[in-house]
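Proteins come first, then strands; the chains are lettered A, B, ... in the order of their sequence lines, and each starts at number 1.
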2 protein chains.
Amino acid sequence: MKNNDRKEQIVKTAAQLFREKGYNAVSMRDLAKDLGIKAASLYNHISSKEAILAEVILSTARDFTEHIDNTFLEEKSSVKKLEEIIESHIDLTIEKANFVACLNNDWMHLEEKNLNDYIKMRNHYESTLRKIIIKGMNLHEIEPQNPELILFSLLSTLRTLYLWYPKNKHIEKSVLSKELKNNLLKGIITI
Amino acid sequence: MKNNDRKEQIVKTAAQLFREKGYNAVSMRDLAKDLGIKAASLYNHISSKEAILAEVILSTARDFTEHIDNTFLEEKSSVKKLEEIIESHIDLTIEKANFVACLNNDWMHLEEKNLNDYIKMRNHYESTLRKIIIKGMNLHEIEPQNPELILFSLLSTLRTLYLWYPKNKHIEKSVLSKELKNNLLKGIITI
DNA sequence: CTACAAAACTAACAATTGTTAGTTTGTTTT
DNA sequence: AAAACAAACTAACAATTGTTAGTTTTGTAG
């Protein structure tokens with residue numbers, strides 16, 4: 001029976017270090033030290049440093065992709081779908097903040113193949129979200145505006161939740177979820 | 001007469017490279033090559049690699065600080081002040097996108113003194129913005145909500161404008177400005 | 001034309017990088 | 001007990017890193 005625990009442990013520790021210092025500032029010796037072993041021993045479990053990064057980023061990108069694909073297919077209003085998407089970002093950020101941070105900050109250090117796969121998934125994600133927004137606009141659920149702008153302002157907030165959440169752990173998830181939806185969808189000023 | 005042109009040129013080129021690849025992935029030889037000289041020659045103009053990073057980041061942080069300090073002192077409504085802050089982010093992003101990107105991505109690679117200065121400025125910026133939001137809430141200009149959440153969702157969008165602007169250069173600045181204010185302050189869904 | 005300073009160069013350094021080869025240790029299976 | 005395997009180790013490699021010392025080139029002011 002192959003032992004995957006060690007590999008998972010390596011990837012998880014790497015994600016934390018990458019998040020703190022950035023991919024290029026973390027050496028294999030740093031990573032090994034945190035795990036209590038020597039750098040060379042890492043190679044019994046992983047094939048390269050970049051392979052660790054790819055595992056961190058691509059697995060997380062797949063999580064996001066899966067969520068939005070499911071949401072897209074549902075028979076619900078666009079606004080309801082946007083709420084579900086907000087929810088999924090909160091969930092994934094809470095569940096694996098270091099992975100999400102790493103995806104946001106270090107994707108450009110992926111090489112050829114992996115970089116391509118990542119960008120493909122990101123494009124797919126954005127274009128799915130764009131479709132939801134445009135459909136909502138056509139059905140008058142969403143104010144007529146430049147859809148790119150809505151896409152951007154929504155995503156920029158959701159993508160950087162990881163920067164904010166650890167500082168505000170005291171907020172209940174349900175409260176965060178409710179207020180964020182309100183904030184992002186209904187705006188913040190009094191009418 | 002001391003020639004600062006070369007130094008400015010180095011800092012500007014560095015900002016571009018840092019933005020593309022991240023601080024640690026850019027070597028002094030890479031930077032020199034882009035300028036058409038040898039790495040050692042850089043040291044006739046700058047004292048260290050980190051000093052370049054500090055120049056890029058701290059000068060930009062000072063720009064942002066100056067803007068918000070001015071806005072804070074004005075005799076206007078909080079909503080009007082928020083609109084001005086949005087405007088200043090757009091302006092600075094257009095004017096020096098690479099610098100802003102660098103500030104966002106590479107600040108953690110500053111050392112001791114410079115890191116401290118940066119964090120101090122960032123804290124000052126956030127607390128000034130927080131004051132504006134809370135005042136607006138007390139005067140019923142802004143919906144009662146967790147002010148941290150408004151602070152976060154606003155800043156996350158404004159801070160990552162640099163990711164989005166180059167892809168959408170065709171949008172007029174005045175249009176961008178107007179729609180972004182609408183979007184961030186009034187929300188996106190139909191009431 | 002000379003003198004001087006600014007800014008380029010070459011060569012080298014010590015440290016650190018990711019990775020490999022070969023070996024030892026410890027555990028599980030037969 | 002023997003054999004097989006996983007997972008650690010030591011030692012070393014070639015490449016790259018930021019930076020320094022010392023030298024040469026270039027442009028300008030007297």
Distance in angstrom units between Leu53(B) CG and dG18(D) C1', rounded: 14 Å
Side chains of Thr157(B) and Asn183(B), heavy atoms from C-beta outward: is any pair under 4.5 Å? no
Just how far, in rounded Å, is P of dT10(C) from OH of Tyr43(B)? 17 Å
In whole Å, what is the span from the CG atom of Asn24(B) to the P atom of dT16(C)? 14 Å
Nearest-Å distance for atom pair NZ/C1', residues Lys38(A) and dA11(D): 11 Å
From Phe64(B), Trp107(B), Tyr125(B), residue fulfilling ring-ring contact (aromatic ring centres under 6.0 Å, His included) relative to Tyr118(B): Trp107(B)
Could you state the CD1-C1' distance from Ile37(A) to dT10(D), rounded to the nearest angstrom? 14 Å
Distance to the ring centre below 6.0 angstrom and angle to the axis at most 45 degrees; does that hold for Lys49(B) and Tyr23(B)? yes
Between Lys33(A) (NZ) and dA8(D) (P), how many Å, whole number? 17 Å
Counting any heavy atom closer than 4.0 Å, what does Ser41(A) reach on the DNA or RNA strands: base, sugar-phosphate only, or nothing? base
For a 4.5 angstrom cut-off between non-hydrogen side-chain atoms, does Leu158(A) reach Leu184(A)? yes
Between dG18(D), dA7(D), dT19(C), spot the one nearest the side chain of His45(A), thanks. dA7(D)
Please confirm whether any donor atom in the side chain of Asn44(A) sits under 3.5 Å from an acceptor in the base of dA6(D), or the reverse. no
Nearest-nucleotide 5' precedence on DNA chain D, Glu50(B) against Ala39(A): Ala39(A)
Separation of dA6(C) P from Lys7(B) NZ (nearest whole Å): 15 Å
When rounded to whole Å, the CG to P distance for the pair Asp5(A) and dA6(D) reads 15 Å
Between Arg29(A) and dT19(C), is there a contact of a side-chain N or O with OP1 or OP2 at under 4.0 Å? no
